[in-house]
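Side-chain atoms are counted along with the backbone in the values below, which use heavy atoms only and exclude waters and symmetry mates.
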Amino acid sequence: MHDAYEPVPILEKLPLQIDCLAAWEDWLLVGTKPGHLLLYRIKNNAGTNRFEVTLEKSNKNFSKKIQQLFVVSQYKILVSLLENNIHVHDLLTFQQITVVSKARGATLFACDLQQSPSGEAQLRMCVAVKKKLQLYYWKDREFYELQGDFAAPDIPKSMAWCQNSICVGFKRDYYLIRMDGRGSIKELFPTGKQLEPLVAPLADGKVAVGQDDLTVVLNEEGVCTQKYALNWTDIPIAMEHQSPYIIAVLPRYVEIRTFEPRLLVQSVELQRPRFITSAGPNIVYVASNHFVWRLVPVPIASQIRQLLQDKQFELALQLANMKDDVEGDKRQQIHHIQNLYAFNLFCQKRFDDSMQVFAKLGTDPTHVIGLYPDLLPADYRKQLHYPNPLPSLSGAELEKAHLALIDYLTQKRSHLVKHLNDSEPSTPSPLMEGIPTIKSRKKLLQIIDTTLLKCYLHTNVALVSPLLRLDNNHCHIEESEYILKKAHKYSELIILYEKKGLHQKALQVLLDQSTKANSPLKGHERTVQYLQRLGMENLVIIFEFSPWVLKICPEDGLKIFTEDLTEVETLPRDKVLNFLKEGFKELTIPYLEHIVHVWEETEPEFHNVLIQLYLERVQGLMKQYLNSLPEGVPAVAAGKEEGDLGEFRNKLLCFLEVSTSYEPGRLISDFPFDGLLEERAVLLGRMGKHEQALYIYVHVLKDTHMAEEFCHRHYDKETDRSQDVYLSLLRMYLSPPDVHCLGPIKMELLEPQANLMAALHVLELHHSKLNTTKAIDLLPANTQIREIRVFLESVLEEKAQRKRFDQVLKSLLQAEFLRVQEERIFHQQVKCIITEEKTCRVCKKKIGNSAFARYPNGVVVHYFCCKDRGVCPTEQ
């Protein structure tokens, strides 16, 4: 409790019994039981709590019975309930202005002064006459009916306006009557045990309603607006609102409380107080039957000092906002109180509330973090000081505090990131004057992110990884590294290193953890994944840390260079190939196969190398194969061998046939003359040396089927060197060249023999791909007609068919030509004669020498008038 008001006697031992009070500005009206009306002027002696009281006017014949007084200083009128009727008097002369005749028998009235949107004051009045409520408004020195009467359930005992509603207290219940035209009545709740209900208007348009020793606040809808009711020490008789205080007259004293926070502020002992009235802000009078006191507010500065000592910060803030100080000083004091309030909330372990206040104040986040143990570096923490010792936190309390801090820091972080690139430095405020603040946004973000990391480790480890993965993560590297290692969070440590670009550190941790049995990073999988994401700019690091994976698991290790990821696919393939050649030659073939077949690499060098590697494997396996053959047993066909030899030779043959990117001229020298003749034949074909290739197929391998397949692959009637490939095959059968056409052959070959039957077979099957004249010239002179009958018939039939096709085509073209000529002659016969009398069908003016347009049906218009070529004016 603190002293908010000081009671000062105004009138003492008045000989007449007081029945009612009213006041405005420096004036006090007292209505007495005999019907006297007394007007006092009350002047304050500057700088003291003493008042000069002067009886300015006394009207002994004002009325026989003064029941209620209400002053409307804006209109200079006094509204009073005299002998159960409403009277209006001039406020200065007491001369009667009007009497509300319809309100005869009234027992109670309530006035409401509202400001209209135009700024004019509007006075409304509700009068209780038995079980009816009458509504009036003041205009032109007269009260007029506002709307029809409302029927009440009982005789009103207390009432007050609540914006566009009237709250009425009856003997047993409270009701709310809406002024919405229909006069809807809402029953609220019972009045309780007290004999008289109590309804008092509040300054914000609401009403305070009493139920025994409780008071609730209602809005115009009849809804309670305060979470808790006020609990008085006795049943209030009367009530007055002086923000932020609510003052109640109790049977033996005056009690002062606040709604928010819900506090008992002060109890003022007075001799049997009964009445209370207000003349405006900070002017309150309390009266008993024969005494009047004025409640003089204690200076706000004194109240604030006392409240801060009592740690009543919320009330201190309300009072600070009411002070009339210089704006800058006022704002500074409010800010100081708010910081103290937030700190006190933290000390009360209301962590969420405390963080919300700190967030609104813009307090330096480091000062807030300093409230917690072990979150700031020790050197920096020593620079901070606080109003009181910090609470000791542990266990569930510490976790709850950390959760509140996480919400606060997340909000603060979002704001800082949003304004990170602003040119102006941030201006956080200190929690206590004199404490240094951090103005650099990047430095603040570093502290916030590092603190969030520590909090997550204490509360929810699952959130550590998402924090570290943020692209704008600002965690302090050394400190974060220390706390993650201390907590054995190596997976999260890897993420930290990766985001900070410390790839070597990350990979070293992965290597160290790969052999530890209980480590979540055991094995090589995480290393493979990490290396795959590094990209070409970190190629040196990839080559540094991939060998240990390639050694223990070559298949998975190769995925470092072959995974279908953009970072892997863009690695420089020549450097990767050289790296594999130097240390892991057995992986070069699968690597090259992947880049050629999967990534569709077309660079000749890679195709050349793959062929050379295939050749090396085949030659090595071929030696083993030939050595293992028993004497006299012939070798099987190329690519049909068993085991690895068959597999690799088949790969070599297929690749030589399929690939179009290798350079046969460079590779031919690598292939021996005494073996791998099928492969050599493919290379010769690629080089355009078809006769040498066909010699191998026909006379060395003696495989006419392979020879024909070769011709089928290479035949191209549009290319000079490939259009006579079948003719070369025919020549190879009929006039084989000398055995030495292959070059320095190291194997014994029989003298090649002509094969007329094979030649005739070629003539019959491929006559359309042969030059007939050249083919016949190659045949031996003793060849009989019947032997080439099928060939000649096929050729003649094809020629005849071609002739018939050409004749039909010629006839069709001639017919089309004649049709076009006929159409031309038809159109040229049409004439358009423009005479002097010819008029435009659109504008009706003469064509004259103007440009014109003619429609197909002969209609002529000006060219300008031809808006749509598809619509003739006559058709419109």
Side-chain angles (χ1 to χ4, degrees), residues 22-24 68 70-75 79 108-128 133-138 143 146-147 150 152 156-169 174-189 197-211 214-230 236 238-248 256-262 276-284 314-315 317-319 321-322:
W24 81 99
Q68 192 177 347
F70 186 82
V71 172
V72 187
S73 59
Q74 288 86 341
Y75 293 113
V79 183
L108 184 66
F109 75 90
C111 289
D112 177 53
L113 193 64
Q114 284 189 328
Q115 292 290 331
S116 66
S118 61
E120 296 181 2
Q122 182 182 12
L123 177 63
R124 299 183 296 178
M125 179 175 65
C126 179
V127 183
L133 294 178
Q134 300 175 354
L135 298 176
Y136 300 93
Y137 69 96
W138 179 258
F143 272 115
L146 184 61
Q147 59 189 78
F150 290 100
K157 298 289 185 180
S158 179
M159 63 183 179
W161 285 84
C162 181
Q163 293 186 355
N164 290 318
S165 300
I166 299 174
C167 186
V168 185
Y174 289 104
Y175 283 80
L176 189 77
I177 301 175
R178 296 297 306 274
M179 300 292 105
D180 54 6
R182 299 188 304 273
S184 58
I185 299 178
K186 177 182 180 181
E187 185 176 354
L188 299 176
F189 44 81
L198 177 59
V199 182
L202 300 180
D204 54 2
K206 299 172 185 175
V207 289
V209 182
Q211 187 183 50
L214 299 177
T215 296
V216 296
V217 178
L218 306 179
N219 61 17
E220 66 173 338
E221 303 290 338
V223 178
C224 290
T225 60
Q226 301 293 333
K227 190 174 182 181
Y228 300 104
L230 289 182
M239 203 175 293
E240 187 68 38
H241 184 210
Q242 287 283 310
S243 183
Y245 302 117
I246 182 82
I247 306 170
I256 302 164
R257 291 182 178 268
T258 56
F259 289 115
E260 291 292 341
R262 195 165 59 101
I276 187 168
T277 190
S278 168
N282 299 324
I283 304 176
V284 181
E314 291 176 89
L315 185 53
L317 278 174
Q318 294 183 47
L319 293 175
N321 278 301
M322 295 168 57

To the nearest 0.5 Å, what is the distance between OH (Tyr228) and CD (Glu260)?
9.5 Å
Would you say that Trp161 contacts Ile166 through its side chain, given a criterion of any heavy-atom pair below 4.5 Å between the two side chains?
yes
Would you say Phe150 and Ile185 make side-chain contact, with heavy atoms under 4.5 Å?
no
How close do Cys224 and Leu218 get, heavy atom to heavy atom, and via which atoms?
SG-CD2, 3.6 Å
Correct closest heavy-atom pair for Ala238 and Ile276 would be CB-CG2, 3.7 Å
Are the side chain of Tyr175 and the backbone N or O of Ala152 linked by a donor-acceptor pair below 3.5 Å?
no
Backbone of Asn282 reached by a side-chain donor or acceptor of Gln242 within 3.5 Å:
yes
Is there side-chain contact between Val72 and Trp138, with at least one heavy-atom pair below 4.5 Å?
no
Does any N or O in the side chain of Gln147 come within less than 3.5 Å of the main-chain N or O of Leu135, such that one atom is a donor and the other an acceptor?
no
Are any of the side-chain heavy atoms of Phe259 and Leu202 separated by less than 4.5 Å?
yes
With the side chain counted from C-beta on, respond yes when Gln226 and Val216 share a heavy-atom pair under 4.5 Å apart, and no when they do not.
no
Donor-acceptor under 3.5 Å (Ser158 side chain, Val199 main chain):
yes
Positive for side chain to side chain contact (heavy atoms under 4.5 Å, CB included) with Asp112, one of Gln122, Gln163, Arg124:
Arg124
Do the non-hydrogen side-chain atoms of Arg262 and Arg257 ever get within less than 4.5 Å of each other?
no
Any heavy-atom pair between the side chains of Ile247 and Ser278 that's under 4.5 Å?
no
